[in-house]
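Reviewing the structure listed below.
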There are 2 protein chains.
Amino acid sequence: MHSNNPSLPEAKQTIENAIHSGRMTLIVGECSIKYMGRAGSKLSNGERLIIIKQDGSFLVHQNQKMNPVNYQPPGCIFQLSIENEMTKSKETTGPEETTGSENNQNCETELKLSSIRRKPKEKIEVIFKTISFVSTHKMHDNQSIRLFGSENQLSELLLSDLHLIEKGLVPVKKEQVMKKGTVDIMAKDSHGRLVVIELKRRKAELNAVSQLSRYVEETKKLKNTQVRGILVAPEITPGAQKYLERENLEFFKLDFSIGNPSAKINGLESKQKTLFE
Amino acid sequence: MHSNNPSLPEAKQTIENAIHSGRMTLIVGECSIKYMGRAGSKLSNGERLIIIKQDGSFLVHQNQKMNPVNYQPPGCIFQLSIENEMTKSKETTGPEETTGSENNQNCETELKLSSIRRKPKEKIEVIFKTISFVSTHKMHDNQSIRLFGSENQLSELLLSDLHLIEKGLVPVKKEQVMKKGTVDIMAKDSHGRLVVIELKRRKAELNAVSQLSRYVEETKKLKNTQVRGILVAPEITPGAQKYLERENLEFFKLDFSIGNPSAKINGLESKQKTLFE
DNA sequence: GCTGGGAGAGGCTTA
DNA sequence: TAAGCCTTTCCCAGC
């Protein structure tokens, strides 16, 4: 269902019906936006796209950037109301005679769309001056995305190929839960020393080293033994490299990108491909 | 501009025109999606909303969740092509006689929309079986959002109210750039000791302590002097608290919420309000 | 529910 | 451009 240049009351009705029936609602219109909650924001008048989803997600997009300019996560509720100058005046200064409304009866009328989140308490108010477009869609879709190459998956792959990193490296407690606490992979080297392995699917930065360092320290205290730490990532920043060396930790370069011929990881790549195809 | 249940060639033309003229394009249709790049993903057939923005941003939304299921950041380019079974067969197994096309001439025809990112090399392919809806919008909008309550802003406010944290605390190099490297605020206490302050606008977790610890250690080495570290946040998790104590760092509770009467931060709240109103 | 950490993170500022 | 870090981060898995 869709309508072009609907009146604000028409739009209100359409949107309410759509929300009620779980249809995705798209609105394009000239609006100003206010947000108050964990933080606050204001956006002056302009044309934007508003999206209301079945699960109560709420998005406001400008015609640029990937991320919405305002948003609410799933679960919020919506309120719609027609407001006009007379109403507003009444509320604030009492009834007045309408002025300047001869040219356009709607020029002072606005549609307010509020989306409210309970916890934390947050509210977005979209004040539409005009709506150029509303459409609603049933959106039949029972599929879920399958993602390949997440850190978790790479970790699994790496477990069976630990020798890629170092000869003689074996998982601690073979075929058992690796994720001890927050450590990605726990292993033992050929000298029987514990090795904590932190995996990053992208260029490792300072905080990755901080993390590994923390894990190593905790493991040392817990096991009361010497513990090595290896950071596995496709790249590392200079600062992180220096920090790593100061902490006596190690780096192993490993590229994970899918479908990239330059990522010639023995065995790993083919396994990824197999999973992906 | 909009069209309902367009043919795939019509949709192709409409979309190409819109991209060329920088109009935001909305497409609702039944499609399958494939992504290859830093990672990979597959999504089987279903109805989704596709958004193409002026700056080359690309979004695929299902009717749930806040985040797009697939996406490209600004700057990517688009390719559209009509594909059908005969074409496909030719490519793979040579010409064949068309079968089962009597009922619906378009049943084997597809519209492929590819969005390509240069660096890193990534590609999304959306294969439309049917398109129920296309609309394009000029989206006149020259406004930028003004956000209140970001950590940066809070840091600025706090600089002029350092005594809130501790009596006698003064900024190092008064009225000068504080952000030495990555340290939020550098100060001196009444005993002349350097104090590194890390500010978190929300509940502080382990990595916040890691961060502060790292800054303190670096500052110690750099200045070769005793250095205190204070974590300022509205809350702290138990794990972070323990870690903090082990590292001999300090915590100061400070609530930043906007419009929350419980946030009785002397001066800070009124300053925030002033900024927001 | 809280804690912890990844994300195809994106996006921003500064060097 | 890279580096570092914030985000109204969202989101998910574990506990």
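Note on naming: letters A, B, ... go to the chains in the order of the sequence lines (proteins, then strands), and numbering restarts at 1 for each one. Predicted, not measured: the structure shown is a model, and the values here were computed from it.
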Does a side-chain N or O of [X] approach OP1 or OP2 of [N] to a distance below 4.0 Å, or not?
{"X": "A:Arg202", "N": "C:dG6", "answer": "no"}
{"X": "A:Arg214", "N": "C:dG4", "answer": "no"}
{"X": "B:Arg201", "N": "D:dT9", "answer": "yes"}
{"X": "A:Tyr243", "N": "D:dG4", "answer": "no"}
{"X": "A:Lys203", "N": "D:dA3", "answer": "yes"}

message: Could you check whether A:Tyr35 and A:Tyr71 have their ring centres less than 6.0 Å apart?
response: no
Would you mind reading off the distance between [X] atom [atom1] and [N] atom [atom2], rounded to a whole angstrom?
{"X": "B:Tyr35", "N": "C:dG8", "atom1": "OH", "atom2": "P", "result": "7 Å"}
{"X": "B:Tyr71", "N": "C:dA7", "atom1": "OH", "atom2": "C1'", "result": "6 Å"}
{"X": "A:Asn207", "N": "C:dG4", "atom1": "CG", "atom2": "P", "result": "16 Å"}

- request: Name the closest nucleotide to the A:Glu205 side chain, picking from D:dG4, C:dG5, D:dC10.
  value: D:dG4
Taking N and O atoms by type only, does the side chain of [X] place a donor or acceptor under 3.5 Å from a partner on the base of [N]?
{"X": "B:Asn70", "N": "C:dG8", "value": "yes"}
{"X": "A:Glu151", "N": "C:dG5", "value": "no"}
{"X": "B:Glu122", "N": "C:dG8", "value": "yes"}

field: Stepwise side-chain contact (heavy atoms from CB on, under 4.5 Å) test for A:Leu59 and B:His61
entry: CA-CA 11 Å; A:Leu59 300 167; B:His61 275 279; 3.4 Å; yes
query: Under the salt bridge (charged side-chain N to carboxylate O under 4.0 Å, His left out) criterion, do B:Lys220 and B:Glu217 qualify, and how do the steps go?
result: CA-CA 5 Å; B:Lys220 267 182 189 165; B:Glu217 292 307 315; 3.8 Å; yes
